[in-house]
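Predicted model, so just to flag it, every value in this text is computed and none were measured. Just so it is clear: chains get the letters A, B, ... in the order the sequence lines come, proteins before strands, and each one is counted from 1.
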Protein chains: 2
Amino acid sequence: MKTADQVLVKQINKMIVLNTIYKKRPISRAEIAKFTGLNKSTVSALVDELLTEELVLEMGTGESQGGRKPVNLSINKEVGNIIGIDLGVNYILSIMTNFAGEIIWEKRIDLLHTHTSPGQRIADLQTLIQETIENASQTVRGIIGIGIGVPGIVNYEQGLILSAPNLGWENIELRSIIEQKFGVPVFIDNEANAGAIGEKWFGAGKRADEFLYISAGTGIGAGIIINNELYRGSRGLAGEIGHMTVSLDGVPCSCGNTGCWEEYSSEKALFRYMKEHICVEDLTIFNVIDNAIAGDDVSRRAFEYVGKYLGIGVANLINAFNPQLVIIGNSLPLAGDILMDELRKEAEKRCFASKYFSVKILPSQLNIHACAIGAAALVISRLYASPVS
Amino acid sequence: MKTADQVLVKQINKMIVLNTIYKKRPISRAEIAKFTGLNKSTVSALVDELLTEELVLEMGTGESQGGRKPVNLSINKEVGNIIGIDLGVNYILSIMTNFAGEIIWEKRIDLLHTHTSPGQRIADLQTLIQETIENASQTVRGIIGIGIGVPGIVNYEQGLILSAPNLGWENIELRSIIEQKFGVPVFIDNEANAGAIGEKWFGAGKRADEFLYISAGTGIGAGIIINNELYRGSRGLAGEIGHMTVSLDGVPCSCGNTGCWEEYSSEKALFRYMKEHICVEDLTIFNVIDNAIAGDDVSRRAFEYVGKYLGIGVANLINAFNPQLVIIGNSLPLAGDILMDELRKEAEKRCFASKYFSVKILPSQLNIHACAIGAAALVISRLYASPVS
DNA sequence: AATTAGTTTATCGCATAAACAAACTAATTG
DNA sequence: CAATTAGTTTGTTTATGCGATAAACTAATT
């Protein structure tokens, strides 16, 4: 059983100090003590350890307010590099970040020709990771780890992909494959979970203890942040809300049921709407977004259609979770207010809580980088633990 | 900020010891040490404190397995009494429990004639609490506190009822009213939250870290247990899922929208179905349940109808929360398998996770007492903290 | 004699308060 | 204006208290 002792006390306080430096840098020891409530001497001792671990740096002095000048502390961005992978259905995005989550290199490869074998795709992934590593800068610790966001069902603890239907993957031990190849720690998580963590650490969710990240792309999934941490549920399947019933006898879904949310609010729904309304061209989602922004009528109405139904599902989730904030991510929100206005209108109308206060609904701040940055944050969070707002 | 120190360490470990005694009584110091991983001397010291606080008792010795006999420890059930109130729409149920959550006295008063004023109902409540107190047994600490479960929106921290439309209440400071009258600590929570806590402490949810308690009665609400604790959301409105959209252009709801779950799965829906199918009698929910169990055809089909739609919403919630367990409480599950069979069938069909493993869906173990026992558990949990499974 | 239960004692690690040293600003003084 | 002084802020050092622990102990039982 998880009992408490002094080791735990120190761990907690050290994480609090590190997170405080992370969030408020540059900051002095005295300010940390004031902000956290920890004693000055405690802060000094913990900061000393962080300095010898090279996670933190002293960077000059701040302005004096009538006394000794404070010593500015900041995190050591260059202590190591992290690789974050967004494993898309028809692309792979690889980013290299420093320890502050700042992107220092990135490359996206498109896989337009559907690969038949999982083996080929994994080979592509490995080649891309190799190239990313070769572009790393010189740091104290080198590559700290690799995080991978996957569109499918994942066993997070074991780094196992149970099922990724859009990739045609079943039971792939991705973590051990990549760990063996590159010899650094690897973390695998669901694409929506990675997006949520990305927004929590570096995006629109920084200051929210409780929020939902809705990944609206090929399908729909949710990453749930509760109490500043990702909530995975009892078996890691929390947030699999693509097949939430919103219309009892509605559109038939590939899952065998009818009226699944995904059939009304994903790229699938968008393209279906487009086809039903004259447009027969073979377009990518980015084409439709560009057209909508350029003012094309059918494209705009398609986004309004999808936005409305997104709003309905979002309202359902707000009623269930009562979050501070909902962040809409992945491809669809790239259409901007064309989608978001309709979404907000419908969500507000159907949201029980909106009688008492309004819930903020924002588009992703990290846009197409959300998943990859979140994957990198998976690695960082191992050292930082969970950020406290 | 919530930093860690030795006080925290002790609190945590003391709660672990108390909870272990609570769950495994009778148990010896040595067994506690083995089970928790705490050192023998630590356990002894903490048990000593619990003994002087009279929360725990030494009760004889256990069997020796070739050595000194262990001293059995148990909680002191008689340390004090707790009052739990289920404030129904047309009844008030008051129970008196001992410190082990065992009901030692109870009384239910029915309020068939609708009260016009909140004042009258509060007077009735106070009279009933007074009568309950008069029936308390002699204990060390007397009445430890009063817990109240309310069908409405509650501010838990302030003990404020924001809105209980079915009672005609708005902004009632129930905690301070009752605290001033009786001079003991009072805890107010939503009826579904209370039910969830009741099932967690004393019912079907004892061994589950994550579960949902669905209160299906006049309306529908959910109590959400995450990580052994009640999840209230950012503003205390989590679980307000009665107005989840399940049918885009479905039945109009009093809330102004269409297709709300509550319109398909509550007593409201049951009675609507009954009226639509010949039955014009003026029946209570208990009449319909009795008739269904006795084999009345319309009543049975009414429960099957409601069960199906309950299952759809339950599947939605399972997809979102991925709990270990779902408990169905309040009045409807009193119909037993007539309701539950249909519910389970539909939930399984629409539940994404059921492809990977099945989620248990059980009727409440505390039945009509769930809310009142949960209200009492609100008080107990202040001393025990959250139980660890 | 061996084993198990529970207590006592000495020790270690951590946070903390209080005392201290260092570094700086601002007001005062001749 | 330069020198002095008071006061403030930053950060370190030192002594203390508290909690968990291991080891040595007593107690009770087969």
*Starting from the 5' end of DNA chain D, give me the residue, G67(A) or K10(B), whose nearest nucleotide shows up first.*
G67(A)

*asked:* Quick check on dT9(D): is either OP1 or OP2 less than 4.0 Å from any side-chain nitrogen or oxygen of S64(A)?
replied: no

*For D5(A) and dA22(D), what is the distance between atoms CG and P respectively, to the nearest whole Å?*
10 Å

*Quick one: does K40(B) reach the base of dG6(C) with a side-chain donor-acceptor pair under 3.5 Å?*
yes

*Across the strands shown, which category fits S28(A) at heavy-atom distances under 4.0 angstrom: base, sugar-phosphate, nothing?*
sugar-phosphate

*asked:* For K24(B), is there an ion pair with E31(B) - N to carboxylate O distance below 4.0 angstrom?
replied: no

*Just to confirm, is there a sub-4.0 Å distance from OP1 or OP2 of dT7(C) to any side-chain nitrogen or oxygen of R29(B)?*
yes

*Send over the distance from I12(B) CD1 to dC18(D) P, rounded to a whole Å.*
19 Å

*Is the closest basic N to carboxylate O distance between E63(B) and K69(B) below 4.0 Å?*
no

*asked:* Distance check needed: dT16(C) C1' versus I32(A) CD1, whole Å only.
replied: 17 Å

*With a non-hydrogen cut-off below 4.0 angstrom, is V71(B) in contact with a base, only sugar-phosphate, or nothing?*
sugar-phosphate

_What is the distance, to the nearest angstrom, from the CG atom on D48(B) to the P atom on dA20(D)?_
13 Å

*Any side-chain heavy atom of R29(B) sitting closer than 4.5 Å to one from L73(B)?*
yes

*Given L230(B), N190(B), L378(B), the one that forms side chain to side chain contact (heavy atoms under 4.5 Å, CB included) with Y156(B)*: L378(B)

_Taking the axis from the first five pairs and the axis from the last five, what angle separates them in the helix from dA1(C)-dT30(D) to dG30(C)-dC1(D), rounded to 10 degrees?_
20°

*Just by distance, do the side chain of Y22(B) and the backbone of A100(B) share a donor-acceptor pair under 3.5 Å?*
yes

*Assign V7(A) to base, sugar-phosphate, or nothing according to its heavy-atom contacts below 4.0 angstrom with the strands shown.*
nothing

_Q6(B) side chain near Q11(B) side chain, heavy-atom distance below 4.5 Å_ = no

*Which nucleotide, dA27(D), dA22(D), dA15(C), lies nearest any side-chain atom of S41(B)?*
dA22(D)

*Protein-nucleotide distance (L8(A), atom CG; dC18(D), atom P), rounded to Å*: 20 Å

*Hey, is the side chain of R68(B) pairing donor to acceptor with the base of dA28(D) inside 3.5 Å?*
no

_What is the separation between atom CD on E58(B) and atom P on dA5(C), rounded to the nearest whole Å?_
15 Å

*Interatomic distance, E63(A) CD vs dT9(D) C1' [rounded to whole Å]*: 14 Å

_Protein-nucleotide distance (E31(B), atom CD; dG6(C), atom C1'), rounded to Å_ = 13 Å

*Is the base of dC14(C) touched by the side chain of Q6(A) through a donor-acceptor pair closer than 3.5 angstrom?*
no

*asked:* Check this for me: does any side-chain nitrogen of one of R235(A) and E210(B) sit under 4.0 Å from a carboxylate oxygen of the other?
replied: no

_Check E49(A) with K14(A), please: is the shortest side-chain N to carboxylate O separation under 4.0 Å?_
yes

*asked:* Less than 4.0 angstrom between a side-chain N/O of N13(A) and OP1 or OP2 of dA15(C), yes or no?
replied: yes

*Relative to the 5' end of DNA chain D, which residue comes earlier, T3(A) or A30(A), by the nucleotide with the nearest heavy atom?*
A30(A)

*Of all the choices, dT10(D), dG6(C), dA15(C), which nucleotide is nearest to the side chain of S44(B) once you look at every atom?*
dG6(C)

*For DNA chain C, whose closest nucleotide is more 5', that of N39(A) or that of K69(A)?*
N39(A)

